[in-house]
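When a ligand or atom number is given, it counts from 1 through the structure's own listing order.
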Amino acid sequence: MNAISVKNLTYEYEENIKAIDNISFDIPVGSFVSIIGKNGSGKSTLAKLLDGLLIAKSGEIKIFDLILNNKNIKAIRNKIGIVFQNPDNQFISTTVEDDIAFGLENRNIDSNKMQEIVIDFAKKVNMDKYLNKEPSNLSGGQKQRVAIAGVLALNCDIIILDEATSMLDPKGKEEIRQLIVKMKQENPSLTILSITHDIEEAYLSDYIIILENGKIIKQGKHKDIFSNLDELKKLGFETPFFITVKQELLKHGYDFSDCENINDLVEKLCQLM
Ligand code: ADP
Ligand code: MG
């Protein structure tokens, strides 16, 4: 079954300028998909269309078996958690704690349980020391951590992350990446749509969709996308760090082409020492 199914979707902010231009794709339940593309390629527009914040000019969006329309929008929003690109748009409460709790409050969760969930997710994103602080006084990266905690705490079927770690430093990005990979392992039916221009984030996903000027210029499984590095470069993307390390090792006679991830590689390297 597909968690998200998009058919011939087109969106124009202004007459005859297509921010999304007749795109179609399917995302099966439980997959981890990245949408990558340069600034202005239509990524955020697509995220807003999927959550019904923007209404398409033409085409169809289906979330599980529900067609996105006025009747189904509430049910659909309950299934999708979105972290938007600019975290400021996502804060309404006066404390970090209330902000993480905000989405949960609409879901009839008992208040003790709710506090437990809030603290748990604040810890997961390393923001538990800030629970009583005002969100407006946090740094951009800290705001992103809080926004991510608030959405992950909802336990939605689909999570959409729109450049959700763009303001974090490399270590912070890596922590969130690990958190998402872990959540995915704990809940295999969770569907993740990660919108990013960070190739390292995209490298973690099973399937990649590349957008340019509102069109899908390439989509494919992880292996297909990352086996053609020249093409990726032509499209404006760097080679992921993990592949670069493997290439450099190969130049020195060490072939680790069968390693699937950094942990595998570290383990094999350690065995050599
Ligand atoms: P991305 O998230 O990939 O950077 P966006 O979806 O934000 O791209 O933007 C896609 C295109 O739509 C861009 O050309 C952008 O200028 C235009 N656009 C985005 N938001 C608006 C808006 N509110 N009004 C008019 N044009 C917009
Ligand atoms: Mg964007």
Side-chain angles (χ1 to χ4, degrees), residues 4-25 27 32-61 63 68 73 76-77 80-91 139-148 150-152 158-170 172-173 176-177 180 191-205 207-220 225 231-238 240:
I4 302 174
S5 179
V6 167
K7 270 204 197 91
N8 303 116
L9 193 70
T10 293
Y11 183 83
E12 297 177 351
Y13 289 100
E14 289 163 60
E15 189 100 17
N16 295 326
I17 305 178
K18 294 185 172 68
I20 291 293
D21 190 357
N22 193 25
I23 67 172
S24 302
F25 61 89
I27 298 185
F32 181 0
V33 176
S34 287
I35 297 194
I36 58 177
K38 295 173 199 150
N39 283 336
S41 56
K43 304 182 299 296
S44 294
T45 305
L46 178 60
K48 289 174 192 158
L49 286 163
L50 292 175
D51 198 42
L53 286 169
L54 296 174
I55 304 298
K57 182 182 162 78
S58 58
E60 185 186 271
I61 295 173
I63 305 296
L68 182 63
I73 193 154
I76 285 178
R77 288 218 174 119
I80 304 182
I82 294 199
V83 184
F84 290 104
Q85 188 162 4
N86 181 352
D88 284 331
N89 299 341
Q90 219 151 346
F91 293 120
S139 73
Q142 288 172 327
K143 285 178 186 168
Q144 285 193 321
R145 287 174 187 267
V146 173
I148 290 167
V151 166
L152 295 184
I158 300 173
I159 293 175
I160 301 178
L161 302 157
D162 184 4
E163 308 212 19
T165 62
S166 58
M167 297 175 196
L168 294 179
D169 55 27
K173 280 192 178 39
I176 300 293
R177 262 182 233 137
I180 293 183
T191 304
I192 298 176
L193 185 59
S194 167
I195 294 174
T196 177
H197 53 219
D198 182 345
I199 201 73
E200 302 299 333
E201 264 176 50
Y203 192 74
L204 293 175
S205 52
Y207 195 86
I208 291 102
I209 296 173
I210 305 182
L211 274 186
E212 194 174 284
N213 295 327
K215 290 193 178 72
I216 293 178
I217 51 167
K218 191 173 168 69
Q219 60 178 314
I225 299 286
E231 189 185 13
L232 206 60
K233 205 165 228 170
K234 270 193 209 130
L235 296 172
F237 297 98
E238 299 290 323

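One distance of note links CG of L211 with CD of Q219; it measures 9.5 Å at 0.5 Å rounding. Once rounded to the nearest 0.5 Å, the distance linking CD1 of I209 with CD1 of I225 reads 9.5 Å. Within the model, atoms CD of Q144 and CG of N86 stand 8.5 Å from one another, a figure rounded to the nearest 0.5 Å. Once rounded to the nearest 0.5 Å, the distance linking CD1 of I27 with CD1 of I158 reads 8.0 Å.
L46 places a side-chain heavy atom less than 4.5 Å from the side chain of F25. In this structure, the side chains of R77 and I73 come closer than 4.5 Å at one or more pairs of heavy atoms. Side-chain contact between V151 and I82 is absent, with no heavy atoms from C-beta onward closer than 4.5 Å. A heavy-atom distance below 4.5 Å is not found between the side chains of Q85 and K43.
Every N/O-N/O distance between Q85 and ligand 1 stays at or above 3.5 Å. By the 3.5 Å distance cut-off applied to N or O atoms, E14 is not counted among the residues near ligand 1.
At a distance under 4.0 Å, no protein heavy atom can be found next to atom 15 (C) of ligand 1. Counting protein heavy atoms under 4.0 angstrom from atom 1 (P) of ligand 1 gives one or more.
Counting only heavy atoms of the protein, atom 8 (O) of ligand 1 lies nearest to G42 N, 3.2 Å. Scanning the protein for heavy atoms near atom 7 (O) of ligand 1, the closest one is S44 CB, 3.8 Å. For atom 5 (P) of ligand 1, the nearest protein heavy atom (residue, atom name, distance) is T45 OG1, 3.6 Å. Residue, atom and distance of the protein heavy atom nearest to atom 12 (O) of ligand 1 are Y13 CE1, 3.4 Å. Of all protein heavy atoms, the one lying nearest to atom 10 (C) of ligand 1 is G40 O, 3.5 Å.
Here K38 has backbone heavy atoms under 4.0 Å from ligand 1, and that is the only part of it that gets that close.
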Let me have the donor-acceptor pairs involving side chains of residues 10-17, under 3.5 Å, with sequence neighbours excluded, atom names and distances please.
| unit_1 | atom_1 | unit_2 | atom_2 | d |
| --- | --- | --- | --- | --- |
| T10 | OG1 | N22 | N | 2.9 |
| E12 | OE1 | N16 | N | 3.0 |
| Y13 | OH | T45 | OG1 | 2.8 |

Distance-only donor-acceptor hits, side chain of residues 48-60, under 3.5 Å, sequence neighbours excluded:
none

Could you tabulate the donor-acceptor pairs under 3.5 Å formed by side-chain atoms of residues 193-205, not counting sequence neighbours?
| unit_1 | atom_1 | unit_2 | atom_2 | d |
| --- | --- | --- | --- | --- |
| T196 | OG1 | D198 | N | 2.7 |
| T196 | OG1 | D198 | O | 3.4 |
| D198 | OD1 | E200 | N | 2.8 |
| D198 | OD2 | R177 | NH2 | 3.3 |
| E200 | OE1 | F241 | N | 3.4 |
| E200 | OE2 | F241 | N | 2.7 |
| E201 | OE2 | T165 | OG1 | 2.6 |
| S205 | OG | S34 | OG | 2.9 |
| S205 | OG | A202 | O | 2.6 |

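For ligand 1, the atoms closer than 4.0 angstrom to any heavy atom of A19 are 11 (C), 12 (O). Counting atoms of ligand 1 from 1 in the listed order, those under 4.0 Å from a heavy atom of N39 are 4 (O).
Residues I20 and L9 share a closest heavy-atom pair of CG2-O, 3.3 Å.
Annotation: protein N, O or S atoms under 2.8 Å of the Mg ion (ligand 2) (waters excluded) comprise S44 OG, Q85 OE1.
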